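For reference, the structure is listed below as structure tokens.
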Number of protein chains: 4
Amino acid sequence: MNIAISNTSDKPIYQQLYEQISAQILKGELASGYPLPPIRQAATELRVSIITVKKAWEELERLGLIYTVTGKGCFVNDLSPSEMLQKRKEIIQKQMVMDASYYKSFGLTLEEVFELLKEIY
Amino acid sequence: MNIAISNTSDKPIYQQLYEQISAQILKGELASGYPLPPIRQAATELRVSIITVKKAWEELERLGLIYTVTGKGCFVNDLSPSEMLQKRKEIIQKQMVMDASYYKSFGLTLEEVFELLKEIY
Amino acid sequence: MNIAISNTSDKPIYQQLYEQISAQILKGELASGYPLPPIRQAATELRVSIITVKKAWEELERLGLIYTVTGKGCFVNDLSPSEMLQKRKEIIQKQMVMDASYYKSFGLTLEEVFELLKEIY
Amino acid sequence: MNIAISNTSDKPIYQQLYEQISAQILKGELASGYPLPPIRQAATELRVSIITVKKAWEELERLGLIYTVTGKGCFVNDLSPSEMLQKRKEIIQKQMVMDASYYKSFGLTLEEVFELLKEIY
DNA sequence: GTGGTCTAGACCACT
DNA sequence: GTGGTCTAGACCACG
């Protein structure tokens, strides 16, 4: 678990948390069954509130990436490689649709988007 | 001036406003010297608060796309075609850098981004 | 808005809240566009924490029964009668599946369930 | 003894235990005097904590379905067929009353409950 | 004024 | 020990 929190970011802390963890799971860096740190421990280490960690963990569960066992802890779900790819695609494209509508509002064609993206990626 | 406001969007209204207007300016749809509608009129027509319109106009001025003449109103800046292209690129890429960092966090290569973007654009 | 909170119930408060409100919406008692009370007001009146009300409102939004406008408030969604029936069925059957599995574990047939249910309904 | 435990279920494990065992007793699958497995053995086989099994056994005793002989173990109570039917009805209807109140809160008539239940049972 | 987020504690149920 | 819930405040962005 390697998480970086930015208090100055415009993104809420809980969103930073679940975005980073979901990315790690979907990159295969956290194997199935891997136990997430206890919310209290995570809260202490990251210097955020328990409730903030809880919110992030809840979102991960809603995304189907982890499961919770009361009294035991939270664990990375067992997903087949194809399920992982599918979930990754879903999560990324959900964001991408919004990004694309922004580009479109400036009249950019797909080719122009590619050109600009190439310069900075 | 053709603006569409969505109250249910997650984007703040003032942001929807300045994004759409800046896009129209940079697409050349609003010529230099074109007078933006008075704040009160715009607020009435769009059924939003005066404060909201003011915030959007201020952002446009900050972006260097319009200028304000006290007591007269706000007008589209006089930009050379090359300046327009430059500003458009700046504004779009500023957003694009953030989008890209999100994609990168999932380990996507530039090619994968292209693939996914193609599907939805 | 007529809500009854029980602190002695085994159900969490936020669940009592969204169950009662969703029931009222799906019974048509709260018309489309009806503004829910502001979370702070609701929290004060019901003598619960803001965060508890927020959680209930969030669940209602997730169920597609209300929508939130930041800075304005939360409002009952505009659903066609058929959509309402569909949502009602979804929500109720989700619970019903769990109830049924309990009855089945005692070896009850559908007819026996009907018999017992008739006595108490 | 045929017990299936789900760690991911929302039901507590001890509840899953006593529900399944009480169902088996009331279906007559476990005859009177039948000795329940020792707590430690059950805990090992089911891979749950001793405390969890103990809690389940205690609940069964509270329901009047088993009795404990210190130093010997726990045994299924001797119930006449009519007592069994009575207890089964009690236990099921106790749950059913809660289920029914949920359905009622959505304004469902008994007939509507039957319709929906038929689809999933 | 509204909702969105966050904190630093607390108590409870489950294992 | 774990997660589940809750409180009573607080600050911020939006309108």
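Below, chain A is the first sequence line, B the second, and so on; all start at residue 1. Computed from a prediction, not measured in an experiment: that's the story for all the values here.
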Are there any protein N/O atoms within less than 3.5 Å of an N/O atom in nucleotides 13-15 of chain E, and if so, which ones and at what distance?
| from | atom 1 | to | atom 2 | distance (Å) |
| --- | --- | --- | --- | --- |
| E:dC14 | OP1 | D:Y14 | OH | 3.2 |
| E:dC14 | OP2 | D:Y14 | OH | 3.4 |
| E:dT15 | OP1 | D:I13 | N | 3.0 |

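- Of the candidates C:I66, C:T68, C:V53, C:I66 is the only one forming a side-chain contact (heavy atoms from CB on, under 4.5 Å) with C:L36.
- Checked for salt-bridge contact, B:K55 and B:E58 miss the test: no charged N lies under 4.0 Å from a carboxylate O.
- Ring-plane geometry between D:Y14 and D:Y18 is classed as tilted, the angle between the planes lying from 30 to 60 degrees on a 0 to 90 degree scale.
- Atom CD in A:E29 sits 12.0 Å away from atom CD1 in A:I21 (nearest 0.5 Å).
- The phosphate of E:dG3 (OP1 or OP2) has no side-chain N or O of C:K54 nearer than 4.0 angstrom.
- Between the CD1 atom in A:I5 and the CD1 atom in A:I13 there is a gap of 6.0 Å [rounded to 0.5 Å].
- Both C:G73 and A:I50 lie close to DNA chain E; mapped to their nearest nucleotides by heavy-atom distance, the more 5′-ward contact belongs to C:G73.
- As rounded to whole Å, 13 Å separates atom P of F:dT2 from atom CH2 of A:W57.
- Here the straight-line distance linking atom CZ of B:R40 with atom CD1 of B:I50 works out to 5.0 Å at 0.5 Å rounding.
- For B:K54, the NZ atom is loosely surrounded, since the number of other residues' heavy atoms within 6.0 Å does not exceed 12.
- Atom CD1 of B:I5 is separated from atom C1' of F:dG15 by 13 Å (rounded to the nearest Å).
- Note: CG (C:D10) to P (F:dG4) measures 16 Å, nearest angstrom.
- For E:dA10, the paired base is F:dT5 (Watson-Crick or G-U wobble, both distances below 3.5 Å).
- Following rounding to the nearest Å, C:L60 (CG) and E:dG3 (C1') show an atom-to-atom distance of 15 Å.
- With sequence neighbours left out, D:Y34 forms a side-chain contact (heavy atoms from CB on, under 4.5 Å) with D:M1, D:L30, D:V76.
- Atom P of nucleotide F:dT5 and atom CD of C:Q16 are separated by 12 Å, given to the nearest angstrom.
- Residues of residues 35-45 of chain C having a heavy atom closer than 4.0 Å to DNA chain E, listed by number: C:P38, C:I39, C:R40.
- Pairing each heavy atom of C:P37 with each of C:Q41, the nearest pair is CB-NE2, 4.3 Å.
- Rounded to an integer number of Å, the gap from CG of B:L17 to P of F:dC14 is 13 Å.
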